Asker: 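If you scroll down you'll find the structure; I have some questions about it.
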Amino acid sequence: MKTLGLLGGMSWESTTTYYQEINRRVRHVQGGLHSARCIIFSFDFAEIEALQHAGKWDEAGALLDTASAKLKLAGADAIVLCTNTMHFVSHGIEKASELPLIHIVDPTADCILKAGFKSVGLLGTRFTMEKDFYKSRLEDKFGLRVIVPENEGRESVHSIIYSELCNGIINESSRQTYYKISGELAKAGAECLILGCTEIGLLVEEAGCPIPMFDTTKIHAIAAADWAMKD
């Protein structure tokens with residue numbers, strides 16, 4: 001089994017889900033007491049969040065590059081960036097680490113296409129919903145139509161992520177807000193929903209969502225585990 005290098009802590013609330021889901025996948029496939037070989041570099045998210053909201057993306061990306069190189073030195077065979085938003089500055093990781101990056105969008109899009117959907121609603125941070133890096137990969141590489149909430153909805157989704165979910169706070173009113181926005185995306189033509197922030201899966205459940213949803217955290221973790229188990 002290959003060793004996965006996880007860039008985590010962004011936030012640690014979802015990094016714990018990554019660790020659990022990767023190991024559950026390995027146990028499910030290999031059985032017994034088998035578990036994943038993982039090395040985790042966990043950031044202080046307060047530092048990352050400050051750079052994000054100050055627009056200092058180059059500095060944030062440099063931190064990822066340095067950490068990924070450390071994971072290579074520690075014995076990792078591939079990098080798993082345990083966050084959607086920071087894929088905006090993931091372009092230097094493979095060069096810095098000399099390792100493959102298992103990109104979060106690709107396995108998510110594969111699952112959506114296999115399910116037969118062509119139009120997706122995207123929820124995430126404002127950065128993920130508004131910047132082109134995420135939507136363009138879904139559109140250009142996979143031919144998916146991407147729909148995001150209106151400005152007020154984007155602000156609500158973003159605020160709940162940073163003020164609540166990243167702090168481990170789960171509010172029923174916020175859950176209902178997400179379901180309402182999901183319904184608006186469905187009316188706008190979305191056939192399914194991408195949980196494009198690794199914390200959103202801590203809040204919403206498919207039973208309450210008006211359209212099928214794809215949790216990037218779990219999909220990405222499973223794809224990483226499968227990569228590690230390949231010969």
Side-chain angles (χ1 to χ4, degrees), residues 4 6-28 36 38 40 42 45 48-49 80-87 102-112 114-115 117 120-129 134 138 144 146-149 153-154 156-186 190-226:
L4 297 172
L6 276 58
L7 290 172
M10 300 173 280
S11 69
W12 67 261
E13 293 284 348
S14 59
T15 302
T16 59
T17 303
Y18 267 93
Y19 187 72
Q20 289 172 335
E21 292 297 331
I22 288 170
N23 281 291
R24 283 171 181 156
R25 180 64 171 180
V26 171
R27 182 171 61 189
H28 173 74
C38 294
I40 302 175
S42 188
F45 189 48
I48 299 294
E49 183 271 339
V80 182
L81 180 54
C82 304
T83 159
N84 283 274
T85 296
M86 291 297 285
H87 275 74
I102 302 173
H103 201 286
I104 197 167
V105 168
D106 296 356
T108 301
D110 285 339
C111 288
I112 290 167
K114 286 176 183 177
F117 298 120
V120 302
L122 174 62
L123 297 182
T125 66
R126 287 196 77 110
F127 313 120
T128 299
M129 293 186 287
Y134 206 94
L138 290 167
L144 291 167
V146 182
I147 304 168
V148 298
R154 295 198 301 272
S156 294
V157 170
H158 180 91
S159 176
I160 289 168
I161 290 168
Y162 280 95
S163 64
E164 298 177 18
L165 302 182
C166 288
N167 288 302
I169 299 168
I170 305 298
N171 285 325
E172 180 60 30
S173 60
S174 297
R175 180 180 288 118
Q176 294 307 316
T177 295
Y178 270 53
Y179 290 153
K180 178 178 178 291
I181 293 170
S182 300
E184 293 168 354
L185 291 173
E191 299 170 320
C192 64
L193 187 70
I194 294 177
L195 306 187
C197 172
T198 51
E199 279 76 31
I200 296 177
L202 303 172
L203 178 68
V204 301
E205 299 173 352
E206 185 134 29
C209 190
I211 49 178
M213 68 184 202
F214 291 82
D215 186 344
T216 55
T217 306
K218 293 183 179 180
I219 293 169
H220 194 204
I222 289 169
D226 288 348

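Since the model is a prediction, treat every value here as computed from it, not as a measurement.
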Asker: For T17, does its backbone N or O pair with a side-chain atom of S14 as donor and acceptor, under 3.5 Å?
Answerer: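 Checked: no pair found.
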Asker: Out of L6, I222, D226, which residue meets the side-chain contact (heavy atoms from CB on, under 4.5 Å) rule with I22?
Answerer: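 Between I22 and the candidates, side-chain contact (heavy atoms from CB on, under 4.5 Å) is satisfied uniquely by L6.
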Asker: Any non-hydrogen side-chain atom of I211 less than 4.5 Å from a side-chain atom of E191?
Answerer: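 Sidechains of E191 and I211: no contact.
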Asker: Look up atom NZ in K218 and atom CD in Q20, then write down how far apart they are to the nearest 0.5 Å.
Answerer: 9.5 Å
Asker: To the nearest 0.5 angstrom, please state how far the CZ atom of R24 sits from the NE2 atom of H28.
Answerer: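 Spacing of CZ (R24) from NE2 (H28) equals 13.0 Å.
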Asker: Indicate yes or no: at least one non-hydrogen side-chain atom of V204 is less than 4.5 angstrom from one of L195.
Answerer: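 They are in contact (side-chain heavy atoms under 4.5 Å apart), so the answer is yes.
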Asker: With a 3.5 Å distance limit and no angle check, can you tell me whether H220 reaches the backbone of I102 through a side-chain donor-acceptor pair?
Answerer: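 Side chain of H220 to backbone of I102, a donor-acceptor pair under 3.5 Å: yes, one is there.
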Asker: Is the shortest side-chain heavy-atom distance between F117 and F214 below 4.5 Å?
Answerer: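 Answer yes - side chains close enough.
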Asker: Quick check against the 3.5 Å criterion: does N23 have a side-chain atom that pairs as donor or acceptor with the backbone of A36?
Answerer: yes
Asker: Do the non-hydrogen side-chain atoms of V80 and I104 ever get within less than 4.5 Å of each other?
Answerer: no
Asker: When you check the side-chain N and O atoms of T198 and T217, is any donor under 3.5 Å from an acceptor?
Answerer: no
Asker: Nearest 0.5 angstrom please: M129 CE to C197 SG, how far?
Answerer: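 It comes to 9.0 Å.
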Asker: Could you pull out the closest heavy-atom pair between C82 and T15, with the gap in Å?
Answerer: CB-OG1, 4.5 Å
Asker: To check you understand the geometry: which heavy-atom pair defines the closest contact between C166 and S11, and what is its length?
Answerer: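 Shortest heavy-atom separation between C166 and S11 comes out as CA-OG, 3.8 Å.
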Asker: Quick check: closest heavy atoms across L122 and L185, and the distance to 0.1 Å?
Answerer: N-CD1, 4.2 Å
Asker: Please tell me whether T177 and S156 have a donor and an acceptor in their side chains that are separated by less than 3.5 angstrom.
Answerer: no
Asker: Kindly give the heavy-atom pair with the smallest separation between A109 and L144, and that separation in Å.
Answerer: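 Heavy atoms of A109 and L144 come nearest at CB-CD1, 4.1 Å.
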Asker: Measure the CG-CD1 distance between L203 and I160 for me, rounded to the nearest 0.5 Å.
Answerer: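 Separation between the atoms: 7.0 Å.
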Asker: Please name the pair of heavy atoms, one in Y18 and one in L81, separated by the smallest distance, quoted to 0.1 Å.
Answerer: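 Smallest interatomic distance, heavy atoms only, reads OH-O, 4.1 Å.
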Asker: In terms of the angle between their ring planes, are Y162 and F45 parallel, tilted or perpendicular, with boundaries placed at 30° and 60°?
Answerer: parallel
Asker: Within a reach of under 6.0 Å around CZ of R175, are more than 12 heavy atoms found that belong to other residues, nucleotides or ligands?
Answerer: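 Yes, CZ of R175 has more than 12 neighbouring heavy atoms, counting only those of other groups under 6.0 Å.
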Asker: Between the main-chain N or O of R126 and the side-chain N or O of H158, is there a donor-acceptor pair closer than 3.5 Å?
Answerer: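 Yes, the answer is positive, given that a donor and an acceptor are paired below the 3.5 Å cut-off.
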Asker: Is it the case that the side chain of S174 and the backbone of I170 share a donor-acceptor pair, with hydrogens and angles ignored and the cut-off at 3.5 Å?
Answerer: no
Asker: Mind checking whether C209 and L193 have side chains closer than 4.5 Å, heavy atoms only?
Answerer: yes
Asker: Would you say the side chains of T216 and N84 form a donor-acceptor pair under 3.5 Å?
Answerer: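 Yes, a side-chain donor-acceptor pair sits under 3.5 Å.
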Asker: So I194 and L138, do their side chains get closer than 4.5 Å, heavy atoms only?
Answerer: yes
Asker: Looking only at atom types and distance, does a side-chain atom of Y178 sit under 3.5 Å from a main-chain N or O of V157, one as donor and one as acceptor?
Answerer: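 Looks like yes, one N/O pair under 3.5 Å.
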Asker: Is a donor on one side and an acceptor on the other found under 3.5 Å between the side chain of E199 and the backbone of I161?
Answerer: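 Checking the backbone N and O of I161 against the side chain of E199, no donor-acceptor pair under 3.5 Å is found.
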Asker: Which atoms form the tightest heavy-atom contact between L165 and I169, and what is the distance?
Answerer: CD2-O, 3.7 Å
Asker: Are K180 and E184 within salt-bridge range, i.e. N to O under 4.0 Å?
Answerer: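 So K180 pairs with E184 through a salt bridge.
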Asker: Going by the side-chain contact (heavy atoms from CB on, under 4.5 Å) test, name the single residue among I200, T83, T85 that passes it with T125.
Answerer: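 Among I200, T83, T85, the one that satisfies the side-chain contact (heavy atoms from CB on, under 4.5 Å) with T125 is T85.
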Asker: First locate atom CE of M213, then atom CD1 of I112, and finally report the distance between them rounded to the nearest 0.5 Å.
Answerer: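 Going from the CE atom of M213 to the CD1 atom of I112 covers 12.5 Å.
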Asker: For the side chain of R154 and the backbone of P149, is there at least one donor-acceptor N/O pair under 3.5 Å apart?
Answerer: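 Confirmed, R154 side chain pairs with P149 backbone.
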